[in-house]
K.L.:
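Below you'll find the structure I mean.
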Amino acid sequence: MGEKMSRKPYVREVPKYSWFFRRPRYMRYMAREVTCIFIGAYTLLLLVGVMRLSQGQAEYEAFLAALRSPVSVVFHLLALGFSVYNTATWFNVTPKALPVQIGEEFLPGGVITGAHYLGWAVLSLAVLLMAGVF
Amino acid sequence: MSERVYQLEVLRYHPETDSEPHFQRYSVSCEEEWVVLDALNRIKETIDPTLSYRWSCHMAVCGSCGMMINGEPMLACKSFLRDYQGVIRVEPLAHFPIERDLVTVIDDFMDKFKRVKPYLIPKHEKPVSEGEYLQSPAQLKKFKQYTMCINCMLCYAACPEYGLIPKFLGPAAISMAHRYNQDSRDGGRDERQEEIATTEGVWECSFVGACSEVCPEHVDPASALQQVKIKSTVDWYKEHLMPWVKK
Ligand code: FES
């Protein structure tokens, strides 16, 4: 008793560049964010392809040849893996953003996520069909 | 019932004497089915009466015993000692200034909470004689989960955006705004949008999802924030591309 109360709130700073190492869930978030770089890089590659196509047949064929190089194959595998990861992490949280209420009940999250995967599969098939894979 | 000695490492801070917080280790005998809050009470009663922390209900209802337990935002009254191995580290809720020991300064949250007008703003004010504002079970279900929030602020302690950008309105406040916006009896959405459909509001959220993972009442604040983003985006398109359509 008798001790004087005083206020001197202590602020703990959050480390600006290393906070995500603190918890595994922050690392998972960062993994999702970082994988989008590969999607961006692949989009750029596609644009380069379109540009080469507009420059003529020889340029386009050189571009296609370059795509077959080992470096390019490794890049494509990486980009595919990371894109699938990025897409899956987003699809899995779609029920949060897009709940569907029918009558009183909400559709189970699996249905909403599943619809996204289905749409993805259908679009991918359409693209592969147009590319003459089948 | 059997007792066992547990080790707790508690972050202490006395503004009168300390320039910064430090850990203090306590060995305390507790019953095995106790929660961390019981251990803190036993310490306060038998070892160190100067230890300060907040609590009230001891049943995960009042939301006042939020603290970091082994680095995770938790309700101390819902965290069982038997679920921890070794020394249990207890710190005040992250991202809030420390007032004393485990007591944090929560004024920032209280201000933000007020800003979103977390109460019913009826579409049409009517006298009591005209009866209740009716609501169907389906209309209630639309927002019910968001009414479960106990304002414990664990979501703020989990949210890295709030930690980095303290201006961010944060998960609980925006979820509460969403709760009223989704209420069929409410007509206050435009007023709340002024606060939440802003950079400091929902657009500061990058959907880490940590808020929902730590929420002790399964409110799922992250879902509320993503829904607010979608609705605000739709608002924007309506306003700019279809100005003749009424919101
Ligand atoms: S004491 Fe009320 S929530 Fe823990």
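Computed from a predicted model, the values in this text were never measured in an experiment. Every chain is numbered from 1, with letters handed out A, B, ... down the list of sequences.
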K.L.:
Can you tell which of B:Gln139, B:Gln226, B:Lys141 has the highest number of heavy-atom pairs within less than 4.5 Å of chain A?
P.N.:
B:Lys141

K.L.:
Is the count of non-hydrogen atoms from other residues, nucleotides or ligands lying under 6.0 Å from A:Tyr17 atom OH greater than 12?
P.N.:
no

K.L.:
At a 4.5 Å cut-off on heavy atoms, which part of B:Lys142 comes close to chain A: side chain, backbone, both, or neither?
P.N.:
both

K.L.:
Ignoring hydrogens, what is the shortest heavy-atom contact between A:Trp19 and B:Pro160? Give both atom names and the distance.
P.N.:
CZ3-CB, 3.3 Å

K.L.:
With distance as the sole test, does A:Gln101 use its side chain to make a donor-acceptor pair with the main-chain N or O of B:Ala138 at under 3.5 Å?
P.N.:
yes

K.L.:
Which atoms of A:Arg22 are under 4.5 Å from chain B, going by heavy atoms: the side chain, the backbone, both sets, or neither?
P.N.:
neither

K.L.:
Should A:Arg23 and B:Glu213 count as an ion pair when the cut-off is N to O under 4.0 Å?
P.N.:
no

K.L.:
Between A:Arg12 and B:Pro92, which heavy-atom pair has the shortest distance, and what is it?
P.N.:
NH1-O, 3.1 Å

K.L.:
Do B:Phe207 and A:Glu33 have side chains that get closer than 4.5 Å, going by heavy atoms?
P.N.:
no

K.L.:
For atom NZ of B:Lys144, is the number of surrounding heavy atoms from other residues, nucleotides or ligands below 6.0 Å larger than 12?
P.N.:
no

K.L.:
Step through the shown structure and confirm whether more than 12 heavy atoms of other residues, nucleotides or ligands are within 6.0 Å of CE on B:Met110.
P.N.:
no

K.L.:
Side chain from CB out, backbone as N, CA, C, O: work out which of these in B:Val208 comes under 4.5 Å of a heavy atom of chain A, or both, or neither.
P.N.:
both

K.L.:
Taking every non-hydrogen pair under 4.5 Å, which of B:Ala222, B:Gly71, B:Ser19 racks up the most with chain A?
P.N.:
B:Gly71

K.L.:
Counting only heavy atoms closer than 4.5 Å, note whether A:Tyr10 contacts chain B via side chain, backbone, both or neither.
P.N.:
both

K.L.:
Search all heavy atoms of B:Ser206 against all heavy atoms of A:Tyr29 and return the closest pair with its distance.
P.N.:
OG-OH, 2.7 Å

K.L.:
Heavy-atom cut-off 4.5 Å, strictly under: side chain, backbone, both or neither for A:Phe106 against chain B?
P.N.:
side chain

K.L.:
Tell me if a side-chain donor or acceptor on A:Lys96 pairs with a main-chain N or O of B:Leu225 at a distance below 3.5 Å.
P.N.:
no

